[in-house]
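All remarks here apply to the structure that follows.
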Amino acid sequence: MINFLISTHSGIRWLVLLFITWATINALMKRKSTTYAERDRRLNLLAMTFFHLQAVIGISIYFFSPKVQFFEGWIKQTMYRFYGLEHALLMVIVFVLLTVGHSKSKKADTPTKKHRVISLFYTIALCLIFIAIPWPFRTSLGSSWF
Ligand code: HEM
């Protein structure tokens, strides 16, 4: 079961990256637009939902992963510090940013403001995701492409 969750978590990252990037570019391009279509709302919601799903799986893995271990001196070891602290904490911050950004966009009273709120919150979130992902070229983290 844990291996299945880890593989799912690893694979879904691409969907999360695709949708958050798509929603961010869409919002940035429409920053001056005077219309906020149903299509825009659905894209922003879908991007946030994929992230939420990924985070729920991530939080479940956190308690069973062999890469999360709190032995003496774990904080000084790159891989254990990354998964036990950096990856999880940054992703929780991204969770909050996307949720708050999406909620504020719903309350904004003009289409332009809706796009601007999404572009601000989703851009910051995307930057943090890029920092917090265990890219396979960071060999000390022991992750793979899928
Ligand atoms: C609160 C949110 C999250 C938590 C608590 C979390 C936790 C974890 C943990 C514990 C692992 C190590 C799994 C193992 O034993 O191999 C892991 C791996 C990973 N996580 Fe997350 N994660 C979260 C969100 C995310 C998000 C949003 C993404 C991508 C957009 C992501 C991408 C990955 C990737 C690519 C791996 C490496 C999988 C591999 O070994 O190939 N995580 N995560």
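One-based numbering, in listed order, for ligands and for the atoms of each. These numbers come from a predicted model, not from an experiment.
Only the side chain of F51 comes within 4.0 Å of ligand 1, judged by heavy-atom distances.
With K67, H52, M79 as candidates, the residue nearest to atom 16 (O) of ligand 1 on a non-hydrogen basis is K67.
Of all protein atoms, those that are N, O or S and lie under 2.8 Å from atom 21 (Fe) of ligand 1 total 2.
Looking at S60 and H9, their side chains never bring a donor and an acceptor atom within 3.5 Å of each other. Side chains of Y122 and N26: no donor on one and acceptor on the other come within 3.5 Å.
The side chain to side chain donor-acceptor pair (under 3.5 Å) search around S119 returns R31, not counting sequence neighbours. With sequence neighbours excluded, the residues forming a ring-ring contact (aromatic ring centres under 6.0 Å, His included) with W135 are F130, F137, listed by chain and number.
Listed by number with element, the atoms of ligand 1 under 4.0 Å from a non-hydrogen atom of V16 are 30 (C). For ligand 1 and V92, the ligand atoms under 4.0 Å from any heavy atom of the residue are 1 (C). Close contacts between ligand 1 and P66 involve ligand atoms 15 (O) [criterion: under 4.0 Å to a heavy atom]. Taking every heavy atom of S10 and a limit of under 4.0 angstrom, the matching atoms of ligand 1 come to 38 (C), 39 (C), 41 (O).
Under a 4.5 Å side-chain heavy-atom cut-off, the cluster of Ile, Leu, Val, Met, Phe, Trp and Tyr residues that includes V92 has no other member.
Taking the six-membered ring for Trp and the full ring otherwise, F70 and Y80 have centroids separated by 6.0 Å or more.
When atom types are taken as modelled, the side chain of R13 and the backbone of S10 share a donor-acceptor pair closer than 3.5 angstrom. Within the 3.5 Å criterion, the main-chain N or O of L17 finds a donor-acceptor partner in the side chain of T21. No donor-acceptor pair closer than 3.5 Å links the side chain of S65 to the backbone N or O of I61.
Taking any N or O of S143, backbone or side chain, none lies under 3.5 Å from an N or O belonging to ligand 1. On a distance-only criterion, Y62 and ligand 1 share no N/O pair closer than 3.5 Å.
At most 12 non-hydrogen atoms from other residues, nucleotides or ligands lie less than 6.0 angstrom from CH2 of W22.
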